[in-house]
Amino acid sequence: MSSGTRTLVSPLILARPRGKALYWTVFTAVVLLFALAFLFPVYWMVTGAMKSPDEVTRTPPTLVPQAWHLSGYTDAWDLMDLPTHLWNTVVQAAGAWLLQLVFCTAAAYALSKLKPAFGKVILGGILATLMVPAQALVVPKYLTVADLPLIHTSLLNDPLGIWLPAVANAFNLYLLKRFFDQIPRDVLEAAEIDGAGRLRTLWSIVLPMSRPVLGVVSIFALVAVWQDFLWPLMVFSDTDKQPISVALVQLSQNIQLTVLIAAMVIASIPMVLMFLVFQRHIIAGISAGSTKG
C-alpha cells in the first residue's frame, strides 16, 4: 500500500496535458471568483461615491458611473471634518496600541518565563474573561471610567477612556504568552550567564525574536480600536473629540448618500494600507505560532 497523500485527482491524470489544462482552468476560475467576491464590494463603494445622488439610488443600479464626480470625496473631507476625526482616531488607536503592547508583553513574559506564584491561576482568571460577552462589560467599564476609583476623576471625553480599557486584552496576552513559551530556555540561560538581567533579556533577546507575533498583536490592537463604535460613543459626548467610526454616524443625518459613501471610503483607507504593509508580518506571526523553535 502506498503511503502517499490522497488527492481528489490522481497525479497520473494531472500529468497528462488534458489533466493539466482542466486543473489550471478550474484553479483560475476559483481564484477569479474569490477575487470578484472580495473586490467587487470595494469597487462598488469607491465608484458609488463618484455617482450623482440620483444615480446611486437608481433601480436597477449602474455598474459604471454615467458621469464621474469627485466632488463627493472633497465634500466629505470638508463637510464632515474628516481630518479632525481621523486624527482623533489615530491618537486613540496609537495610545491603546502602545500601552497594550507594553503591559501585555510584560505580563506575558512574566507568566511564561518568570513563573510567578499562582501563575496558572492568574492565567486562568485572565482567560475566563474571554467567556464574558463584551456587551456585559460596557456598563461596569462606563461607571469605572466616569468615576475612576481612588482618585475619583472622570475620563469621559479623554483618550485615556479608550486607552486604559484596551490594555486589558486577554486574547493578545495569551497569544504573546504562547509564543514566549516556544522560545528555548537555553537562549535565556545563555543571556543570564553573560550577565543580562530579566529586563535586559526581555529587551535584547525576547523582543527581537518576537517580531512576528508583536506585528500580529499590533494589528489586532489597532483594528479593534479603529473599528469600535459603541464604547467611543459612550466615552465621547463632545463631537470634536469623536473618532471616525462615531462621527460618520453622528454626522450622516443631513448628508447626501454619495458624500457618506465617500467618507466611508476615506475612513477605510488607513486600515487597508496597514494590512498591505504588514501582511508579511501577519503570515509570519501565524506560521511562527504553529512551530516550535
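The only option from Val206, Asn169, Val217, Val216 that meets the side chain to side chain contact (heavy atoms under 4.5 Å, CB included) definition with Leu176 turns out to be Val217. Residue Ile255 forms a side chain to side chain contact (heavy atoms under 4.5 Å, CB included) with just one option from Leu257, Thr258, Val259, and that option is Val259. Shown are Asn88, Ile162, Asp158; of these, the side chain to side chain contact (heavy atoms under 4.5 Å, CB included) with Phe236 is made only by Ile162.
Taking hydrophobic clusters as Ile, Leu, Val, Met, Phe, Trp and Tyr residues chained together by side-chain heavy-atom distances below 4.5 Å, Trp163 shares a cluster with Ile244. Leu155 and Val246 sit in two unconnected hydrophobic clusters of ILVMFWY residues. Membership requires side-chain heavy atoms under 4.5 Å apart, directly or through other members. In the hydrophobic cluster analysis, where Ile, Leu, Val, Met, Phe, Trp and Tyr join through side-chain heavy atoms closer than 4.5 angstrom, Leu260 is grouped apart from Leu233. Under the 4.5 Å side-chain heavy-atom criterion for ILVMFWY residues, no single connected hydrophobic cluster contains both Trp77 and Val249. Phe229 and Val265 are not part of a single hydrophobic cluster, where members link through side-chain heavy atoms under 4.5 Å apart.
When atom types are taken as modelled, the side chain of Lys113 and the backbone of Ile183 share a donor-acceptor pair closer than 3.5 angstrom. Judged purely by atom type and a 3.5 angstrom limit, Thr47 has no side-chain atom pairing as donor or acceptor with the backbone of Val64. Side-chain atoms of Trp231 do not come within 3.5 Å of backbone N or O of Val225 as any donor-acceptor pair.
The neighbour count for Trp68 CH2, taken as heavy atoms of other residues, nucleotides or ligands under 6.0 Å away, is above 12. Within 6.0 Å of CH2 in Trp203 there are 12 or fewer heavy atoms belonging to other residues, nucleotides or ligands. Annotation: Arg200, atom CZ; neighbour count of heavy atoms from other residues, nucleotides and ligands within 6.0 Å does not exceed 12. With a 6.0 Å radius and a threshold of 12 heavy atoms from other residues, nucleotides or ligands, Leu150 has its CG atom at or below the threshold. Counting heavy-atom neighbours within 6.0 Å of Trp226 CH2, excluding the residue itself, gives a total above 12. By the neighbour-count criterion of 12 heavy atoms within 6.0 Å, atom CD of Glu55 is densely surrounded, having more than that number from other residues, nucleotides or ligands.
Between Lys177 and Asp181 there is a salt bridge, with a side-chain nitrogen of the basic residue lying less than 4.0 Å from a carboxylate oxygen of the acidic one.
Under the 3.5 Å distance criterion, with hydrogens and angles disregarded, a donor-acceptor pair is assigned to the side chains of Asn157 and Ser237. The closest side-chain donor-acceptor pair between Glu192 and Thr201, if any, does not fall under 3.5 angstrom.
Minimum interatomic distance between Thr105 and Phe180 (heavy atoms only, all atoms of both residues): O-CE1, 3.7 Å. Closest of all the heavy-atom pairs between Met80 and Ala263 is SD-CB, 3.6 Å.
The aromatic rings of Phe171 and Phe220 sit tilted relative to each other, their planes meeting at an angle between 30° and 60°. In this pair, Phe40 and Tyr43 present their aromatic rings tilted. The plane angle is within the 30 to 60° band.
Between Leu148 atom CG and Leu164 atom CG the span is 7.5 Å, to the nearest 0.5 Å.
The side-chain heavy atoms of Leu173 and Phe103, taken from C-beta on, include no pair separated by under 4.5 Å. With contacts defined as side-chain heavy-atom distances shorter than 4.5 Å, the pair Pro270/Leu273 does not qualify. Contact check for Pro165 versus Val167: no side-chain heavy atoms found under the 4.5 Å cut-off.
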